[in-house]
Amino acid sequence: MLVLCVLLCNLTSTAQAQLLWGDMGDGTYRNPVLNADYSDPDVVRMGDKYYMVASDFHYLGMQVLESDDLVNWHIVSQIYDRFDYPGWDNNSRYAGGSWAPSIRLHDGRLWVFFCTPHEGLFMSVADSPHGPWSPLHCVKRVEKWEDPCPLWDDDGNAYLGHSLHGAGPIIVHRMSADGKRLLDEGTTVYTGPVAEGTKWLKRKGRYYLVIPEGGVGEGWQTVLRADNIYGPYERRVVLEQGTTAVNGPHQGALVDTPQGEWWFVHFQSTSPLGRVVHLQPARWTDDDWVTMGEDYDGNGVGEPVAQHAKPVTRTVTSRTLPQTDDDFDGTQLHWRGQKLSALALQWQWCHNPVDSMWSLDERRGWLTLHAMPARSLRTSRNMLTQKVMGYEAVATTLMDCTALADSTVAGLLCMGKSFRGIGASRRGVFVECDGRREIIDSIYINKVWLRVCMDNKTNSHCFFYSTDGTHFLPAGEPFAMSNGFWKGLRVGLFCYEASGTTPVKPQPQPKEAGGRAMFDCFRYLTR
């Protein structure tokens, strides 16, 4: 395994030309179109462009992605930046936060609804997908609702459908037109085998509920149809694994194009990457049922395609992927008379950030993370992450160690169900696994390059470090990772104050007791 990790470590920027694109560059695409953990995706079309949201659970922000063709995506905004509720300031809401969201276009505006298992049903609205998004509005303070979706009907009435924790049943409420209030206690309209992921569609006077059933890794896609929003609903299974290797193909968005085509965006549960995004062709039959994928075994139910012609567009589209690299120069924002720098949109904090303890302005062109007391990575407040993307990937950062205090530990992380990191302290270079830190090189250095090389096909990953940015040494043995807390593999940066650590050799003490780490850049290569 170590040999494979060393080969991955030697990837250079030339690997950028070998990216595993969903877009094949010849008018076709292959699945997954987004080989990263954009779980429970929902998509809406606004004019000629498409906008996607996905569940982010305990990672804050909920990113909004934009595409011209449903194949190539990039991040254009984030909807929120914190939850002001118990548990979010002490990292005790893992697997909580935003579960499967919906995004809809109504009255010229974009609306996003989602539930959290502890706090309730939330809504945000924006005139532009680029934001600003309105502050989260709690539509209802309630526990264990999930997967909400609104519908504004032709007669002016508004509705909201959702399921319950544990997946089912499907419940429909009357809703105020501004999306801020539910007007009744709700009516159960469908009870099925693990029925969730409610998505509405009204077509030719009929109400369609496009829902996943059967569970995350084993399920299928179902469509329900009725003449009245409260039912009774007819049921048809429209997408299943069948003869393919794509398990549990379901939970996503049925969306049309300006050219009249229909497509279905959904996830597939994988490990350790998480729930990756697939795109299926969809068609309406003469009797007004939708079909998805291709019926390879002839049983009347579609199966996922591996490769297909791309959606037709009016203009030539370029190949793009969500952002990854960062020089920490910041995006300039003007807020309350101040000029501030904002993080790049791919970054998400794990639980609520402490805004006074990080900065892009303290040292221009660097990200500064100040240390706060924590027992381990899992409880660290300054833990900044982004999604792992691609079958093979290498993430590298340069860290300035000169302001580390005696108890400061900081560096590069890799997390899923386990919390692993490589970093530097005043005792030397260390690796951490689920709270256990081990010094692997007892040197005190002013700067260090830290790297993680990931092979997500063989699930073998390894850490490296360098004092010159050229020659990298392995740090510990290769390790496997797995999904955790409903999320796939992540990489990122961290800094915290670990009590009880002392330097091997006395070193000049920085001005602040907690210390800080500074990161000059973050580079992410994948293929």
Side-chain angles (χ1 to χ4, degrees), residues 32 34-42 52-65 75 78-83 87-88 91-101 114-119 146-147 165 167 196-197 212 215-217 247-248 250-252 266-278 322 324 345-353 376-380 383-391 393 395 412-421 433-434 452 454 456 459 461 479-494 524 526:
L34 266 180
N35 203 18
D37 187 47
Y38 289 93
S39 53
D40 309 316
D42 194 25
M52 178 192 295
V53 291
S55 54
D56 279 314
F57 294 85
H58 46 280
Y59 298 108
L60 295 189
M62 188 176 289
Q63 296 159 334
V64 180
L65 286 79
I75 308 167
Q78 291 190 11
I79 294 175
Y80 59 89
D81 58 8
R82 67 187 306 107
F83 284 125
W88 287 96
N91 287 29
S92 62
R93 283 292 186 248
Y94 283 102
S98 59
W99 287 32
F114 66 90
C115 290
T116 70
H118 302 96
E119 294 83 14
E146 62 184 27
D147 305 3
H165 187 66
E196 54 187 343
V216 169
N247 62 299
H250 67 281
Q251 186 137 347
H266 68 94
F267 72 67
Q268 177 200 7
S269 182
T270 68
S271 186
L273 276 175
R275 286 178 272 179
V276 300
V277 180
H278 288 239
T324 53
L345 293 171
Q346 68 265 28
W347 293 110
Q348 294 176 289
W349 296 100
C350 181
H351 290 74
N352 281 343
S376 64
L377 262 176
R378 178 175 175 142
T379 57
S380 171
M383 187 163 35
L384 190 61
T385 76
Q386 62 174 269
K387 296 174 177 67
V388 167
M389 181 167 53
Y391 292 118
L412 177 72
L413 66 85
C414 180
M415 61 186 288
K417 186 175 183 180
S418 298
F419 294 76
R420 292 179 176 268
C433 176
D434 292 333
V452 59
M454 297 164 283
N456 295 304
N459 197 11
H461 320 281
F479 54 90
M481 296 292 290
S482 62
N483 301 350
F485 313 106
W486 294 113
K487 295 305 292 177
L489 197 58
R490 292 245 172 173
V491 290
L493 307 171
F494 70 92
Y524 188 93
T526 183

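- Y59 has its side chain within reach of C350: a pair of non-hydrogen atoms, C-beta onward, lies under 4.5 Å apart.
- Here the side chains of M52 and V277 are in contact, with some heavy-atom distance below 4.5 Å.
- Residue P32 comes nearest to V276 through the heavy atom pair CB-CG2, 3.9 Å, listed as atom of the first residue, atom of the second, then distance.
- Within the 4.5 Å cutoff, the side chain of R490 has no heavy atoms near those of the M383 side chain.
- Within the 3.5 Å criterion, the main-chain N or O of G390 finds a donor-acceptor partner in the side chain of N456.
- Two rings, from H266 and H250, have their centers 6.0 Å or more apart.
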Evaluate F419 against S380 for side-chain contact (heavy atoms from CB on, under 4.5 Å), listing each step before the verdict. CA-CA 11 Å; F419 294 76; S380 171; over 6 Å; no

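- Taken to the nearest 0.5 Å, the CG atom of L413 stands 14.0 Å off from the CZ atom of R378.
- Within 6.0 Å of CH2 in W486 there are 12 or fewer heavy atoms belonging to other residues, nucleotides or ligands.
- Remark: of the listed residues D56, D81, T385, D56 is the sole one forming a side-chain hydrogen bond (donor to acceptor under 3.5 Å, both in side chains) with Q348.
- Atoms CD1 and CD, on I75 and Q63 in that order, are 4.0 Å from each other to the nearest 0.5 Å.
- Among all heavy-atom pairs drawn from A167 and E196, the shortest one is CB-OE1, 3.8 Å.
- Looking at L60 and F83, their side chains come closer than 4.5 Å, going by heavy atoms from C-beta outward.
- Taking all atoms of both residues into account, the shortest heavy-atom contact from S55 to P101 is N-CD, 3.5 Å.
- The residue from D37, D40, T270, N483 that alone fulfils the side-chain hydrogen bond (donor to acceptor under 3.5 Å, both in side chains) condition with R275 is D40.
- In this structure, the side chains of M415 and K487 stay at 4.5 Å or more apart for every pair of heavy atoms.
- Between the side chains of N459 and H461, at least one donor N or O lies within less than 3.5 Å of an accepting N or O.
- When the side chain to side chain contact (heavy atoms under 4.5 Å, CB included) test is applied to H165, the partners found at least two apart in sequence or on another chain are W99, K144, E146.
- Taken from CZ in F114 to CE in M62, the straight-line distance is 5.0 Å, to the nearest 0.5 Å.
- Here the side chain of H351 pairs no donor or acceptor atom with the backbone of W88 at under 3.5 angstrom.
- Contact check for M389 versus L273: no side-chain heavy atoms found under the 4.5 Å cut-off.
- No side-chain heavy atom of T526 sits less than 4.5 Å from a side-chain heavy atom of T324.
- Remark: the S271 side chain and the S482 side chain contain no N/O donor-acceptor pair separated by less than 3.5 Å.
- D434 contributes no side-chain N or O that, together with a main-chain N or O of S418, makes up a donor-acceptor pair within less than 3.5 Å.
- Judged by distance alone, with hydrogens and angles left aside, the side-chain atoms of Q78 form a donor-acceptor pair with the main-chain N or O of W347 at under 3.5 Å.
- Scanning all heavy atoms of the two residues, the minimum distance from A480 to R420 falls at O-NE, 4.3 Å.
- Side-chain contact between F267 and V216: present, with at least one pair of heavy atoms (C-beta onward) separated by less than 4.5 Å.
- Across all their heavy atoms, G421 and F494 have their closest contact at CA-CE2, 4.2 Å.
- If you take CG on N35 and CD on Q268, they are separated by 9.0 Å, rounding to the nearest 0.5 Å.
- Closest heavy-atom contact between M454 and C414: SD-SG, 4.5 Å.
- Side-chain polar atoms of Q346 and K387 form no donor-acceptor pair below 3.5 angstrom.
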